[in-house]
Amino acid sequence: MRFAQPRTTEEAAGLIAQEAGLTRILSGGTDVMVQLKSGLVEPDLIVDIKHIPGLRAITPEDGGFRIGAAVSGAELGEHEGVRALWPGVVEGVELIGSTQVQGRATMAGNLCNGSPAADAVPGLVAANAIARIMGPDGERDCPVAEIPVGPGKTTLAKAEFLTSIFLPARPDRSGDAYLRFIPRTEMDIAVAAAAVSLTLDAAGTVTAARVALGAVAPTIRLVPAAADAILGAKLDDAAIAALMEACSAACNPIDDKRGTIEFRTQVAGVLAKRAALIAYSRAGGTV
Amino acid sequence: MALDNTPKRVFKVVGTRPPRPDGIDKVTGRALYGADVSAPGMLTAHILRSPHAHAEIVSIDTSAAEALSGVKAVVTAKDFAPQDDDFLMDVLDNCMARDKVLYDGHAVVAVAATNSAIAKAALKLIKVTYKALPHVTDVDAAMTLDAPVVQEGRSLETVPEGMSQNVTSHCEFGHGDLDAGFQKADVVVERSFTTAATHQGYIEPHACLASMTADGKADLWCCTQGQYNVRDLCSAALGMEGSQLRVTASEIGGGFGGKTTVFIEPVALALSRKAGRPVKIVMSRDEVFRATGPTVSSSIDVKIGMTRDGRITAGEAHLRYSGGAFPCGTVDMGAQAAFAAYDLQAVRTLGYNALTNRPKEAAYRAPGAPQAIYAVESVVDELCQQLGLDPLEVRLKNAARKGTRSSYGPTFEDIGLVATLEAAKAHPHYSAPLAEGQGRGLSAGFWFNFGGNTCVTLNVNTDGTVGVTEGNPDIGGSRAAISQMAAEELGIPYDKIRTIIADTSALGHNDVTDGSRVTFSVGLATIKAAQDAIAKMCSRAAQIWGIDEEAVVWKDGAAEPAGPNAGKFPPMSLAEIAAVSFNTGGPIAGHHEFNADGAGVSFGVHLVDVEVDKETGATKVLRYTVFQDAGKAVHPSYVEGQMQGGAVQGIGWALNEEYIYGEDGRLQNPGFLDYRVPVASDLPPIETVILEIPNPGHPYGVRGVGETPIVPPLAALSNAVSRAIGTRMSSLPMSPPRILKALSKG
C-alpha cells in the first residue's frame with residue numbers, strides 16, 4: 001500500500017489516473033481509516049488531498065459559500081456565515097460521529113462515501129448544492145443530488161474526486177432544517193432522515209421548497225411531490241398532512257437491523273413535518 | 001435498623017470514601033490491561049471463525065498457511081486434550097470447534113505468526129470444507145420437535161419425555177396449591193414475554209499473552225475475573241499439571257460476568273507450546289460479540305392471581321431460556337429468583353434450557369434473574385393497573401420479609417425488601433407529578449449473592465504498613481473495600497495498606513469474582529486474616545512485656561495489657577511491634593482461608609419516569625432512582641457506582657440492546673454501532689439511595705451489591721413505557737420500531 005500527499009489538484013488527479021490498482025481518497029479519513037482497519041478494503045494507493053492549498057478553505061462566492069472538500073465538520077460548524085445562511089446543512093454535518101470525529105470528518109467525504117444514511121447529504125440536496133469535481137480532463141460542476149446512485153456507489157468516474165461544494169445564495173425569508181431519527185441520542189446512524197429548505201413571501205406563504213429524505217431508499221432522495229405539497233401554503237395542517245404523505249410515498253426502504261420498512265416509512269413523514277416547521281420558523285414564518 | 005443481638009458498631013474507615021487505588025493509573029493510561037503485556041520474541045495470533053451458524057467440518061487444510069513465511073504455529077481442536085468431564089469439554093469445544101461449528105463466529109483454526117498482518121494473511125490460506133446444516137437461533141423454535149438438533153444426546157434425565165433433543169435441562173421450584181390460589185383471585189393475568197440476548201459490553205476485549213517453555217512450564221497473563229479458574233480450565237485443556245501453569249490477571253476493563261470463563265487462553269497456550277515462543281491474542285470487537293458472552297435469550301409465560309385489595313393468591317411462571325449451543329443452567333436461577341420478592345402461599349416456576357445456534361452463554365450480572373423478574377413484575381404492574389391499585393402498596397402488602405418461606409425454598413433471614421420499598425414510597429420521586437405522555441415504572445429485584453472459596457494473606461511490614469494479598473480481580477472497587485476493612489480491623493489508617501491481586505502461585509484457590517462475592521467473602525477473609533495477625537502481634541507484645549498472651553488486648557491499632565492486673569505497660573502500636581519483629585520471632589503475617597457461607601440476599605427497588613414520542617416510538621428516560629439494601633456500604637461511592645452501572649446496563653437491555661440474527665443464522669450487529677448500549681446523553685442522572693440492613697453473616701453486615709441493580713430495570717422501564725403509551729409491552733428490547741408498532745395496534 002502506497003501513500004501520496006499531492007500539493008495540487010492536477011497532481012492528485014494524475015496520480016489517481018495513473019494508478020492501475022485500487023485507490024482511496026483520504027481527507028478526514030473517518031470512513032477510509034475504519035474501512036482499512038476492518039479489512040473491508042485493501043487499497044494499493046491512498047491519496048491524501050487535505051494538504052492541497054484551498055481544500056480546507058471556506059470562501060464567500062456570489063452571495064453563497066464554497067466549502068473546500070477537506071473542511072472538517074468542526075470548522076464548518078464554527079463558521080458564522082455558513083451557519084447563518086444554511087443552518088440545516090450545518091446541523092446535518094454536525095451530527096456525524098462524535099466530537100473527535102467532527103475534528104476530521106468532511107462534508108465532501110460524507111457525500112463520496114455514498115451511504116444512503118449520510119447525515120450531510122439530505123441538507124445539501126435540499127439546498128441544491130453543487131459539487132466541484134476534479135478529474136483527468138479538468139474540473140466540472142455537478143449538483144450534489146446527482147452524485148449518489150446506490151449504497152457505496154456514486155456517479156464519480158474512477159479518477160475523479162471532489163474539491164469543493166458550493167452552497168448558493170438564497171433570498172431573504174428562507175430557512176432550512178435537517179432531522180434524523182436514531183435510537184440513541186448521538187453516536188449513531190440515521191434510520192430515517194429529512195431535510196427541508198424553503199422560502200416564504202411576506203405573508204408567510206411558501207414560494208419555493210425542496211425536500212430530501214435520507215435512509216429510506218438506496219440513495220438520498222429528492223422528493224418534488226413533498227415540496228409541491230407545501231408550495232403556496234402556510235404549513236397549515238392540510239399542507240403538513242400532504243407533505244407527510246408525499247414523503248412516506250417516496251420511501252423505498254429496506255428491513256434491516258436498524259429499522260423496519262414500516263417504521264422508516266412512517267417516521268420519514270414525521271421528520272419531514274418537524275423539519276419543515278423548523279425551516280419555516282427559521283425563515284421568519286409563524287405557524 | 002441494628003442487628004438484634006449486637007450493639008451497632010461505630011466504624012472509622014468503613015463507610016468513608018477514600019480515593020480509589022487504581023484511579024490514577026487508569027486516568028493516566030498507565031494501568032496494564034490484558035493487551036498491554038508483551039514479551040521478547042512474541043508472536044501474534046489470529047483465529048479463523050465459522051461463517052456458518054451450523055455446519056459439519058468436513059476437512060481443514062492448513063498446509064498453505066503453515067508454508068507462509070513468518071507463520072510459526074497453527075492449531076485446531078486436535079491440539080487439545082480430550083476431556084472426560086462434560087463441562088470442561090464444552091468449554092474447550094467453545095474455544096475451538098471439534099467436528100461441527102455450532103454458531104456464526106465459532107473458532108476453527110488459530111495461527112501464530114511474527115506479526116499480525118502475516119497471521120491474518122495466513123488465515124486466508126486455510127481451506128475449511130463445511131457441510132452446512134439447518135440451524136435454529138430462536139428458543140421457542142428450538143423447542144419444537146422438528147427443529148434442527150444443535151447437539152445430540154445432551155438432555156439431562158430431568159427433561160420430560162417427548163421434548164426436542166435441544167431441551168437440555170428442566171427444573172421446578174415452588175410450593176402450595178396453585179389451583180386453589182387462582183380460585184381465590186378476583187383477577188388473573190396471564191401473559192407471555194420475550195427478552196433478547198444481550199452482551200455484557202465490557203470496554204476491554206479479551207486479551208492474553210501465553211508463554212510456555214520447552215520443559216512444559218507456562219505463564220499466562222490475561223484479563224479475567226478469575227485467574228484460578230483460568231488455570232484450572234487451561235491446564236485441563238493442555239493436559240498440564242496445575243502447578244506448572246501460573247496465571248496472572250491483568251487490570252480489567254469490565255467483565256460483568258463475561259470474563260468468568262476462557263475463550264482464547266487455551267488457544268494461546270497451545271500455540272506457544274507448538275511455536276516455542278510467547279503468543280499474544282487480542283480479540284477484535286467483532287469477535288467479542290460473535291464468540292463471547294452473551295446472556296441467555298428467553299421466552300416466558302407468567303400467570304398471577306390477585307384479590308381486589310391487592311393480595312397475590314398464586315403465581316406461576318414457565319421459563320424457556322437458551323444459553324446458545326451448549327447446555328446451560330441459567331434458567332434454574334431465573335426460576336428460583338422469579339417470585340423471590342413475594343411472600344406467597346402458592347407459587348410454581350418451571351424452567352427449560354434449549355440449545356440454539358448461538359454463542360455459548362456467559363454469566364452476565366445476576367444471570368437469569370432479570371428476565372424472570374421482568375416478566376413477573378410486568379404482570380404484577382398490569383394487575384395493579386386493572387385493579388386501580390398503587391404498585392408500591394401492592395408490593396409492600398405482598399413483600400417477602402424475615403421468616404418468609406421463599407419461592408425457591410429457603411426461609412429468609414434479615415432482608416431489606418420492606419425497608420427498600422418504604423424508602424421508595426417516602427422518596428419525592430414517587431410523588432412527583434407526571435406530564436401527559438409520561439409514565440412511571442416500578443420494579444423490585446433480587447439476587448442471591450454468593451460466598452465461596454477464598455484465601456487471603458495479610459503481611460505486616462517492618463515499617464508499620466500492611467500488604468493484603470488476595471486472589472480476586474477487582475471489577476468493582478474491591479481493592480479499596482478490602483483495604484478499608486483491613487484498616488478498620490487493624491485500627492490503622494487506610495493509606496497504610498496496599499491490597500494487591502496475586503497470581504495463582506501466590507495463594508490457595510480463590511473462586512472467580514462472581515456472585516457479588518468479593519467484598520463479602522474476601523472482605524471477611526481479610527478481617528479474619530487481620531485478626532490472625534492481631535493475635536500474633538498481641539503474642540509478640542506479651543513476649544516483650546513478659547506477661548501471658550491472654551492478658552493482651554488489641555485496641556485502636558495497638559496492643560495493650562487487658563487491665564491493671566495484667567501489668568502496667570504503655571500500648572505498643574502495630575508499627576512498634578513490627579519494627580522489632582525480627583527480634584521476637586520473625587516476620588508477622590495473618591492468613592485466612594475458607595469456603596464462605598452466609599452471603600445474604602439483596603433486594604433493590606427501581607423507579608423510573610419516561611416520556612415516549614408517540615410519532616417515532618423513541619423513549620426518553622427522564623428520571624431514575626435506585627434503592628438498594630447494601631447491608632453495610634464499605635465504600636459508598638463504589639456501591640453507588642454499582643447501583644448506577646446496573647441501572648444503565650438494564651436501561652440499554654430494556655430499550656435497544658439485542659443480538660439480531662439474520663435468516664442465515666449469522667449475527668447482524670457485531671459492533672457498538674448497531675449493538676446499541678446507551679451513551680451518556682441517553683441517560684438522566686441516576687439517583688441512589690443506599691439502605692443498610694446488616695447481613696447477619698458478616699461482622700460488618702456487608703452484602704454483595706454488584707448484581708441486584710441489573711435486575712429491576714427491565715420491568716421498571718417496561719412498566720413505565722406501558723403506562724406512558726397505554727399499551728402493555730411484552731418484548732425486549734422496546735426499540736422504537738416495536739413501540740411504534742404497539743402504538744399502531746393500539
Side-chain angles (χ1 to χ4, degrees), chain A residues 1 30-31 34-40 42 95-101 115 117 119 179-194 215-216 240-241 243-244 247-248 253-277, chain B residues 46 116-117 119-121 123-124 196 284-287 289 612-622 648 651-652 654-663 666-684 733-745:
Chain A
M1 192 189 304
T30 54
D31 286 313
V34 175
Q35 291 165 2
L36 284 181
K37 200 163 179 219
S38 64
L40 210 64
E42 289 177 14
L95 285 173
I96 301 167
S98 61
T99 303
Q100 293 90 331
V101 168
S115 166
D119 284 314
L179 290 175
R180 68 171 181 182
F181 182 83
I182 55 172
R184 286 187 286 217
T185 45
E186 59 179 334
M187 302 292 291
D188 216 325
I189 222 165
V191 180
V216 292
I240 290 286
L243 167 75
M244 291 174 73
C247 285
S248 293
I254 51 168
D255 259 328
D256 74 355
K257 60 199 174 190
R258 292 179 187 141
T260 57
I261 291 171
E262 185 187 2
F263 179 80
R264 287 183 151 120
T265 305
Q266 192 171 340
V267 171
V270 172
L271 295 172
K273 170 183 80 172
R274 293 177 182 182
L277 291 170
Chain B
H46 287 293
S116 176
K120 280 184 180 168
L123 293 187
K124 291 186 180 167
S284 66
R285 183 59 61 184
D286 177 276
E287 290 180 291
F289 274 113
V612 179
D613 182 336
K614 288 184 182 166
E615 286 187 317
T616 65
T619 299
K620 185 176 185 193
V621 183
L622 302 169
V648 168
I651 289 169
L655 296 182
N656 280 307
E657 292 180 38
E658 63 178 318
Y659 264 49
I660 303 169
Y661 282 90
E663 290 287 310
R666 301 194 65 183
L667 184 61
Q668 301 290 299
N669 56 338
F672 280 131
L673 178 59
D674 288 307
Y675 181 89
R676 292 185 167 80
V677 299
V679 296
S681 56
D682 292 338
L683 302 162
M734 297 178 288
S735 56
R738 281 211 178 107
I739 289 181
L740 210 54
K741 191 161 193 162
L743 276 165
S744 70
K745 282 181 181 167

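As a basis for the values below, the full set of heavy atoms in this structure was taken, side chains included, without hydrogen atoms, waters or symmetry mates. A note on names: the letters A, B, ... follow the listed sequences, proteins ahead of strands, and every chain is numbered from 1.
Both the backbone and the side chain of B:D682 come within contact range of chain A, judged by heavy atoms closer than 4.5 Å. With a 4.5 angstrom heavy-atom cutoff, A:E186 touches chain B via backbone and side-chain atoms both. If you measure heavy-atom distances from A:R264 to chain B, you find no contacts under 4.5 Å at all. Interface remark: B:T616 contributes backbone and side-chain atoms alike to the contact with chain A (heavy atom separation under 4.5 Å).
The line from CD1 of B:I660 to CG of A:D256 is 8.5 Å long, rounded to the nearest 0.5 Å.
With contacts defined as side-chain heavy-atom distances shorter than 4.5 Å, the pair A:R184/B:V677 qualifies.
Contacts of B:Y659 classified as ring pair (Phe, Tyr, Trp, His ring centres under 6.0 Å), with partners at least two apart in sequence or in another chain: none. Applying the ring pair (Phe, Tyr, Trp, His ring centres under 6.0 Å) test to B:Y661 and every residue at least two apart in sequence or in another chain returns nothing.
Nearest heavy-atom pair, A:G259 versus B:P737, reported as atom, atom and distance to 0.1 Å: CA-CG, 4.3 Å. Minimum heavy-atom separation, B:A618 to A:F181: CB-CE1, 3.6 Å.
Judged by distance alone, the side chain of A:K257 and the main-chain N or O of B:Q668 form a donor-acceptor pair under 3.5 Å.
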Checklist line | Trace of the side-chain contact (heavy atoms from CB on, under 4.5 Å) decision for B:D613 with A:V270 | finding: CA-CA 11 Å; B:D613 182 336; A:V270 172; 5.7 Å; no
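Ion pair B:K120/A:E42 not flagged as a salt bridge, since none of the NZ, NE, NH1 or NH2 atoms sits closer than 4.0 Å to an Asp/Glu carboxylate oxygen.
For B:K620, the NZ atom counts as loosely surrounded, since its 6.0 Å shell holds 12 or fewer non-hydrogen atoms of other residues, nucleotides or ligands.
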